K.L.:
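Take this structure first; my questions come after.
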Amino acid sequence: MLVFALMHIPILDLKPQYNSLKAEIQIAIDRVLTSCEFILGQDVRLFEQEVATYLEVPHAIAVNSGTDALMIGLRAMGVGPGDEVITTPFSFFATAESISNVGATPVFVDVELESYNLDVGLIESRISPRTRAIMPVHLFGRPANMGQIMELATTHGLGVLEDCAQSFGARYMAMCPSCHGQCSGDTRDRLAGTFTGTLGTVGAFSFFPTKNLGAYGDGGLVVTHDGAIAEVAQKLRVHGSKERYRNEVFGYNSRLDSLQAAILRVKLPHLEAWNQARRRIAVTYGQLLADVPGVVTPAVVSGHVFHQYTIRVLHGRRDELREFLAQRSIGSMVYYPVPQDRLPVYDGKFPPNLNSEQLAAEVLSLPLWPELTDDKLGLIAMAIAEGLGA
Ligand SMILES: *Cc1c(COP(=O)(O)O)cnc(C)c1O
């Protein structure tokens with residue numbers, strides 16, 4: 001018992017990753033400081049090229065944050081005042097905030113309890129003459145149902161902005177769920193195996209330090225197949241100008257720092273291995289928690305990169321379990337305790353979405369980082385079973 005009490009397990013530990021890359025990162029930082037190219041220098045250009053190659057997309061524009069990537073993405077798609085954007089209530093507030101900040105109105109469509117992602121079957125009835133775009137979030141790293149979202153978008157002439165803040169490296173249906181990669185042609189989804197962020201009109205990514213590909217400060221990325229959208233996004237990140245002192249639109253100061261680009265260039269080649277480690281941990285959690293009554297574990301669908309490992313704790317016992325884990329010095333977090341549409345900023349303006357409300361009361365995210373060891377996973381699972389009296 002004493003061992004339990006003394007072993008502190010945070011929800012996230014970024015130190016092992018830094019320790020494993022320390023020498024390379026210090027060289028990269030020194031290179032930028034020596035060059036004195038702090039803003040949009042060589043490292044930003046090279047990072048944009050390298051990340052575009054990795055994601056298999058022609059245009060990648062590095063910006064100041066994931067939130068800016070969402071706003072710039074929306075504006076580059078032509079979304080503005082008077083427009084409606086369909087999105088999920090169950091996400092971090094930056095998702096809806098970006099829609100409201102460009103002057104458009106979010107239309108909240110409920111999520112599936114199973115995937116935590118948009119319930120695509122509910123979208124069509126919410127499309128109005130003012131709808132301009134659908135904004136799915138690949139929540140916790142699980143790809144949303146992009147096949148049907150793209151079909152709806154094509155049918156109704158809508159843009160699609162993917163919020164990929166939590167899904168860097170996730171692939172939509174990396175393997176067909178029914179055949180595990182054996183089928184082909186008609187039976188296989190046309191989009192299967194494609195990286196999230198490159199299926200829709202625009203993909204927006206975040207490099208906030210805790211994300212799967214995290215910088216050591218803020219950062220974000222806009223990607224697109226559309227050259228005209230890429231050009232507008234490039235302008236918007238530097239005060240709406242292509243040429244200096246030829247400002248054409250009201251833009252932002254939203255450039256990725258060269259220092260962050262240099263750090264991200266060191267990290268990018270490791271991302272696949274880190275995401276694989278996250279998936280392995282998710283599989284282990286699933287096995288360890290399979291028989292704990294009152295816990296619903298997330299499915300390990302192919303292509304999921306587990307930004308978070310988020311369980312549902314049934315029978316109203318979530319907060320009690322979180323408190324029990326805290327007493328055992330085990331970190332956990334509630335992402336998200338309030339659906340976006342219920343936040344004070346929207347002041348009860350929207351009708352409640354029942355699945356999102358239920359998830360807000362049931363979800364609990366457990367410790368997860370690529371270097372998290374099996375012995376710690378065992379301790380966490382034992383504590384959960386004990387806490388729920390299993
Ligand atoms: C983190 C996050 C954002 C915002 O990214 P920042 O880089 O922090 O601005 C947007 N959407 C989701 C779903 C996020 O998790």
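When reading the values below, keep in mind they use all heavy atoms of this one structure, side chains included, and skip hydrogens, waters and symmetry mates. Quick caveat, the model's predicted, so the values are computed rather than measured. Order of appearance sets the numbers: ligands from 1, and atoms from 1 within every ligand.
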K.L.:
Given 3.5 Å as the limit, does a donor-acceptor pair link the side chain of N275 with the main chain of E272, or not?
P.N.:
no
K.L.:
Taking the inter-plane angle between the rings of Y336 and F90 on a 0 to 90° scale, is it parallel (under 30°), tilted (30 to 60°) or perpendicular (over 60°)?
P.N.:
perpendicular
K.L.:
Provide, to 0.1 Å, the distance between atom 2 (C) of ligand 1 and the closest protein heavy atom, together with that atom's residue and name.
P.N.:
K211 NZ, 2.5 Å
K.L.:
If you measure from each heavy atom of G220 to ligand 1, is any distance below 4.0 Å?
P.N.:
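No, G220 has no heavy atom closer than 4.0 Å to ligand 1.
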K.L.:
Please check this pair: side chain of D119 against backbone of G121, looking for a donor-acceptor N/O pair closer than 3.5 Å.
P.N.:
yes
K.L.:
Taking 4.0 angstrom as the limit and counting only heavy atoms of S91, give me the atoms of ligand 1 inside it, by number and element.
P.N.:
13 (C)
K.L.:
Centres of the Y54 and F195 rings: under 6.0 Å?
P.N.:
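That pair passes the under 6.0 Å test.
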K.L.:
Would you say the side-chain atoms of E48 pair up with the backbone N or O of A62, donor to acceptor, closer than 3.5 Å?
P.N.:
yes
K.L.:
State whether the side chain of R312 and the backbone N or O of L359 hold a donor-acceptor pair below 3.5 Å, judged by distance alone.
P.N.:
no
K.L.:
If you measure from each non-hydrogen atom of S65 to ligand 1, which part falls under 4.0 Å: side chain, backbone, both or neither?
P.N.:
both
K.L.:
Starting from atom 11 (N) of ligand 1, which protein heavy atom do you reach first, and at what distance in Å?
P.N.:
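That would be D163 OD2, 2.8 Å.
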K.L.:
Tell me the protein heavy atom at minimum distance from atom 4 (C) of ligand 1, and give that distance in Å.
P.N.:
T67 OG1, 3.6 Å
K.L.:
Considering only heavy atoms of S206, which atoms of ligand 1 have at least one such atom less than 4.0 Å away?
P.N.:
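Answer, ordered by atom number: 5 (O), 6 (P), 7 (O).
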K.L.:
Can you tell me which residue and heavy atom of the protein come closest to atom 12 (C) of ligand 1, and the distance to 0.1 Å?
P.N.:
A165 CB, 3.4 Å
K.L.:
So if I count the atoms of ligand 1 from 1 in the order they appear, which ones are less than 4.0 Å from some heavy atom of A94?
P.N.:
3 (C), 4 (C), 10 (C)
K.L.:
Please say whether G66 places an N or O atom under 3.5 Å from an N or O atom belonging to ligand 1.
P.N.:
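Yes.
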K.L.:
Which class fits the ring pair F306 and H304: parallel under 30°, tilted 30 to 60°, perpendicular over 60°?
P.N.:
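Answer is parallel, since the angle falls under 30°.
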